[in-house]
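Each chain gets a letter, A, B and so on, in the order its sequence line appears, and its residues count up from 1.
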Amino acid sequence: MFPRLSRDFFARPTLTVARTVLGRRLVRLLDEPSAKGARISGIITEAEAYIGESDLGCHAHHGRTPRTAVMYGPPGHAYVYFTYGMHWMLNFVTETEGFPAAVLIRALQPVEGLEIIAARRKGRPQPEWTDGPGKICQALGIDGGLNGADLCATDAPLFVEAGDPVPDECVTIGPRVGLISVPEPWKSMPWRFRVEERITTERDGRTPQSTQR
DNA sequence: AGCACGATTAACT
DNA sequence: GTTAATCGTGCTC
């Protein structure tokens with residue numbers, strides 16, 4: 001159990017939050033009676049930045065709407081939205097109130113609540129439990145009910161704990177994923193941060209490559 | 001009111 | 001590699 005990240009962590013430039021959130025632990029406290037107080041958690045291994053109305057890849061590029069209102073609010077809250085008719089996506093609101101920006105959490109390394117995750121990701125191998133933004137929400141039981149939730153409240157059901165910082169040599173930076181029809185330069189801005197998977201003892205001198213999915 | 005599309009995933013050829 | 005699933009959102013008429 002580590003200290004929870006305070007609002008100061010999120011009230012910084014979005015690129016800084018996206019880079020430094022790697023290695024931290026996302027924690028979901030279950031509130032359902034059948035699993036009262038159970039913890040599901042994982043180390044954050046991939047995140048992307050979405051920055052303001054001028055970023056044509058950001059939902060806020062249409063301005064303030066009912067959907068994007070949370071991004072215009074104070075930092076340290078969850079922006080959870082629904083897409084493709086079936087998937088929920090989790091973001092952390094960043095920067096200052098009034099400026100719409102957020103960090104999309106794209107991948108985790110599962111740590112706690114493995115049995116619950118396995119049940120929710122039934123039949124899939126462990127590497128595929130939380131290696132996508134929709135999968136994370138499925139595994140942790142995150143949906144629209146958590147949109148706007150304060151990650152820094154004392155009784156928060158969803159929050160982030162401190163963890164070991166990830167050194168630069170373990171992080172690859174590249175373009176954000178899935179922005180099919182977003183115009184340049186936004187489509188290619190290197191605003192995706194990912195912890196490179198490697199065997200712990202590996203030392204092969206490979207140049208980290210900018211991966212794509 | 002109608003329409004095109006999406007910060008994806010899983011299944012299929 | 002290709003594509004169906006499935007519906008909220010924001011735009012156009």
#### Entry: Below 4.0 Å: OP1/OP2 of B/dA11 and any side-chain N or O of A/Arg124
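Answer is yes, contact under 4.0 Å.
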### Query
Would you say A/Lys187 reaches B/dA7's phosphate, i.e. side-chain N/O to OP1/OP2 under 4.0 Å?
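Answer no for this pair, as no side-chain N or O of A/Lys187 is under 4.0 Å from OP1 or OP2.
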Nucleotide nearest [X] (side chain, heavy atoms from C-beta), chosen from [options]:
X: A/Phe82; options: B/dT8, B/dA7, C/dC7; result: C/dC7
X: A/His87; options: B/dA7, B/dA10, B/dT8; result: B/dT8
X: A/Gln138; options: C/dC11, B/dA10, B/dA7; result: B/dA10

### Message
Suppose the criterion is side chain to side chain donor-acceptor pair (under 3.5 Å): which pairs have a residue in residues 141-160 of chain A, not counting sequence neighbours?
### Response
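Applying side chain to side chain donor-acceptor pair (under 3.5 Å) to every pair that reaches into residues 141-160 of chain A, excluding sequence neighbours, yields A/Arg7-A/Asp150.
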Rounded interatomic separation in angstrom, taking [atom1] from [X] and [atom2] from [N]:
X: A/Met86; N: C/dT3; atom1: CE; atom2: P; answer: 16 Å
X: A/His59; N: C/dT9; atom1: NE2; atom2: C1'; answer: 9 Å
X: A/His62; N: C/dC11; atom1: NE2; atom2: C1'; answer: 8 Å
X: A/Arg121; N: B/dT8; atom1: CZ; atom2: C1'; answer: 11 Å
X: A/Trp129; N: B/dA10; atom1: CH2; atom2: C1'; answer: 18 Å

### Message
So for A/Tyr81 and B/dA7, does any side-chain atom that can act as donor or acceptor lie under 3.5 Å from a complementary atom in the base?
### Response
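Under the 3.5 Å cut-off, the side chain and the base do form a donor-acceptor pair.
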### Query
Where are the stems of DNA chain C, defined as at least 3 consecutive Watson-Crick or wobble G-U pairs with both distances under 3.5 Å?
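Expected stems, ordered by start: B:1-6 with C:7-12, B:8-12 with C:1-5.
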### Task
Would you check, one step at a time, whether the test salt bridge (Lys or Arg N to Asp or Glu O under 4.0 Å) holds for A/Arg176 with A/Glu48?
CA-CA 6 Å; A/Arg176 295 172 292 181; A/Glu48 288 176 353; 5.7 Å; no
